[in-house]
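See below for the structure under consideration.
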Amino acid sequence: MKRIVIVLVVLVGLLVGADFAAATFAEHTVSQKAREQLGLDQDPAVEIHGFPFALQAASGEYDHISITADGVRVQELQDVSVRANLHDVNAPMSDLTSGNADNIEIGRLVGEITLKASDIARVAPLTNIDDLRIEPSSKSYVLHGEGVDEERAAEIDEDGDDSTAGVRLSGKADVAGERIEIFAFAMIELDGTTIRITPHRLQFGNDKETTVVPEEVQRALLPNFEADINAGTMPFTVTPTAIHVAPGSLTLHGEAENVTFGGVSDTLGG
């Protein structure tokens with residue numbers, strides 16, 4: 001009995017190892033194709049989710065494949081992160097083994113592009129602001145400050161438009177010969193894969209105490225926070241429909257249905 005158990009354990013180990021090796025080969029094929037069509041310097045990380053891989057490979061149907069690329073360059077940006085989650089994928093093993101990934105069919109595709117604050121700081125005129133930081137802010141506060149009642153603020157913040165968001169940009173700038181911490185409250189909106197930043201109000205100070213900036217000073221400084229940022233092309237030519245602000249980053253989000261792997265854009269640089 002003990003000998004049989006040992007044999008079974010060895011067989012299971014061999015099967016798991018073979019399954020892992022086959023999955024690794026398929027992931028490498030998809031990764032190379034993604035690198036070629038996205039114009040990347042390195043192979044993106046690819047993971048075929050689900051176990052065992054062999055059953056998915058035999059049917060040619062995969063529940064979930066994820067593709068991740070970091071450090072992508074887009075014009076001034078040097079560290080863009082690209083994510084693509086592929087669901088309900090139809091990829092015959094014959095295509096994968098032959099390296100033909102163009103005809104892989106994707107039932108649902110979720111794509112994301114994330115820009116870090118340190119990268120956004122490379123885009124003029126934000127280059128005039130040192131130590132640029134990004135934090136989320138409510139739309140109502142950006143547009144009206146504290147001069148709006150709670151009910152009206154809720155209406156503004158819950159308008160259902162995910163293509164716009166409030167953001168707080170902060171950093172140091174020279175004002176009248178002094179180095180001052182500035183907070184800019186801005187709206188960001190999507191125009192394709194371009195992020196448009198429109199500042200509305202400025203404050204001086206720090207996270208603990210702020211002072212409203214006089215109107216004439218605001219008019220002079222606000223343009224330093226106004227920018228259009230080209231985020232490149234979404235994976236699989238997905239059109240972004242939402243933008244999300246997190247501490248230190250902005251993320252574009254888009255979804256598509258019934259696309260092919262051959263629909264990947266030729267270049268992220270647009």
Side-chain angles (χ1 to χ4, degrees), residues 74-80 113-232 240 242-253:
V74 182
Q75 296 185 1
E76 303 98 327
L77 306 177
Q78 304 292 312
D79 194 17
V80 176
I113 296 176
T114 298
L115 313 181
K116 299 179 179 67
S118 57
D119 224 12
I120 292 172
R122 303 175 188 271
V123 179
L126 298 173
T127 49
N128 296 327
I129 308 300
D130 289 340
D131 190 25
L132 182 72
R133 297 184 299 280
I134 292 175
E135 297 288 340
S137 181
S138 67
K139 296 180 183 180
S140 59
Y141 191 79
V142 169
L143 297 172
H144 304 288
E146 297 177 347
V148 62
D149 61 55
E150 292 184 6
E151 183 176 349
R152 176 56 181 152
E155 290 178 0
I156 296 171
D157 295 332
E158 298 171 8
D159 61 4
D161 184 4
D162 293 331
S163 66
T164 64
V167 63
R168 188 189 77 171
L169 306 167
S170 62
K172 296 180 174 65
D174 292 324
V175 179
E178 294 186 31
R179 199 70 166 163
I180 295 178
E181 182 87 4
I182 300 179
F183 294 86
F185 294 88
M187 291 298 296
I188 54 176
E189 62 178 328
L190 289 174
D191 181 6
T193 55
T194 296
I195 301 171
R196 180 157 293 121
I197 301 177
T198 305
H200 286 260
R201 296 185 302 106
L202 294 180
Q203 293 178 351
F204 289 153
N206 51 49
D207 284 328
K208 296 181 180 179
E209 183 178 357
T210 58
T211 301
V212 176
V213 180
E215 285 295 327
E216 62 273 15
V217 179
Q218 292 212 38
R219 285 195 294 270
L221 294 179
L222 278 173
N224 290 297
F225 292 92
E226 185 173 357
D228 287 350
I229 304 171
N230 175 17
I243 188 163
H244 174 70
V245 183
S249 67
L250 304 176
T251 297
L252 288 72
H253 176 95

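Distance check: K172 NZ to D131 CG gives 5.0 Å after rounding to the nearest 0.5 Å. Distance check, rounded to the nearest 0.5 Å: CG of L115 to OG1 of T251 gives 7.5 Å. Separating the OG1 atom in T194 from the CZ atom in R196 is a distance of 7.0 Å, to the nearest 0.5 Å. Put simply, NZ on K116 and CD1 on I134 are 11.5 Å apart, with the number rounded to the nearest 0.5 Å. Rounding to the nearest 0.5 Å gives a distance of 9.0 Å between CZ of F225 and CG of N128. To the nearest 0.5 Å, the span separating CG on L222 from NE2 on H200 amounts to 9.5 Å.
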Inset, instruction - Start with the C-alpha distance between H253 and H244, add both sets of side-chain angles, then the distance that settles side-chain contact (heavy atoms from CB on, under 4.5 Å), and finish with yes or no. - result: CA-CA 8 Å; H253 176 95; H244 174 70; over 6 Å; no
Inset, instruction - Decide yes or no on side-chain contact (heavy atoms from CB on, under 4.5 Å) for E135 and S170, but give the supporting numbers first. - result: CA-CA 8 Å; E135 297 288 340; S170 62; 5.9 Å; no
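With contacts defined as side-chain heavy-atom distances shorter than 4.5 Å, the pair V167/L169 qualifies. Contact annotation: the side chain of V245 approaches that of I188 to within less than 4.5 Å [non-hydrogen atoms, C-beta and beyond].
The minimum heavy-atom distance linking R201 with Q218 is given by the pair CA-OE1, 3.4 Å. When every heavy atom of A124 is checked against every heavy atom of A227, the shortest pair comes out as O-CB, 4.1 Å. Shortest non-hydrogen contact noted between A121 and T127 is O-CG2, 3.4 Å. Of all the heavy atoms in P199 and A186, the pair that sits closest is CA-CB, 3.5 Å. Taking all atoms of both residues into account, the shortest heavy-atom contact from P136 to A246 is CD-C, 4.1 Å. Across I129 and G171, no two heavy atoms sit closer than the pair CG2-CA, 3.6 Å.
If you check the side chains of T114 and S249, you find no donor sitting under 3.5 Å from an acceptor.
Every residue two or more places apart in sequence or in another chain that forms a side chain to side chain contact (heavy atoms under 4.5 Å, CB included) with S137 is listed here: Y141, V142, R168, F185.
A donor-acceptor pair is defined here as one N or O able to donate and one able to accept, closer than 3.5 Å; no such pair exists between the side chain of D119 and the backbone of L77. For the pair Q203 (side chain) and F183 (backbone), a donor-acceptor distance under 3.5 Å is absent.
Within 6.0 Å of CD on E216 lie more than 12 heavy atoms contributed by other residues, nucleotides or ligands.
Screening I195, D161, D162, T164 against L190 for a side chain to side chain contact (heavy atoms under 4.5 Å, CB included) leaves a single residue, I195.
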